[in-house]
Amino acid sequence: MIEKKVIEAKEVCGEDERSDECKVAWDEVEEISQAKADLRLKLEKQDPLEFFCQDNPETDECRLYED
């Protein structure tokens, strides 16, 4: 998706890189890039067992015990 937005931004900018449309197009590229980076960080912080337990809460690995 980022690559598609970069191509679109280049097309929009054409010869006038100072136009408002060009600035908006590159802002969209930046926003998508940041969203992807944020998602990557979020996924790195999550425990893989958490995903497994969401789908298989009845397994021994996912049981929760109270003290």
Side-chain angles (χ1 to χ4, degrees):
M1 184 170 190
I2 294 173
E3 294 162 355
K4 180 181 172 187
K5 286 294 185 180
V6 168
I7 292 169
E8 288 177 12
K10 288 179 180 179
E11 289 174 359
V12 168
C13 292
E15 305 232 352
D16 186 11
E17 294 180 1
R18 294 180 183 217
S19 70
D20 289 339
E21 292 85 10
C22 181
K23 292 175 186 176
V24 168
W26 284 112
D27 283 345
E28 289 178 359
V29 171
E30 184 178 348
E31 288 174 9
I32 291 172
S33 296
Q34 186 61 48
K36 182 178 179 181
D38 291 344
L39 179 61
R40 186 179 310 127
L41 285 174
K42 182 180 176 183
L43 291 175
E44 286 176 1
K45 290 181 180 180
Q46 288 184 341
D47 183 2
L49 190 58
E50 192 173 322
F51 291 115
F52 175 77
C53 289
Q54 287 175 354
D55 294 333
N56 306 289
E58 70 285 343
T59 60
D60 289 338
E61 296 85 1
C62 301
R63 288 193 181 154
L64 298 174
Y65 297 95
E66 298 285 330
D67 287 336

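On a predicted model such as this, the values are computed, not experimentally measured, just so you know.
No more than 12 heavy atoms of other residues, nucleotides or ligands lie within 6.0 Å of CD in Glu3, so this atom counts as exposed by the packing criterion. The number of heavy-atom neighbours closer than 6.0 Å to CD of Glu30, taken from other residues, nucleotides and ligands shown, is 12 or below.
The CD atom of Glu21 sits 14.5 Å away from the CD atom of Glu11 when rounded to the nearest 0.5 Å. Of the inter-residue distances, the one linking Lys10 atom NZ with Cys22 atom SG reads 11.5 Å to the nearest 0.5 angstrom.
The side-chain heavy atoms of Glu31 and Trp26, taken from C-beta on, include no pair separated by under 4.5 Å.
Contact detail for Ile2 and Lys36: the closest heavy-atom pair is CD1-CD, 3.6 Å. Here the closest heavy-atom approach between residue Cys62 and residue Pro57 is recorded as CB-O, 3.8 Å. Looking at every heavy atom in both residues, Lys23 comes nearest to Arg18 through CE-O, 3.5 Å. When all heavy atoms of Met1 and Ile32 are compared, the pair lying nearest together is CE-CD1, 4.1 Å.
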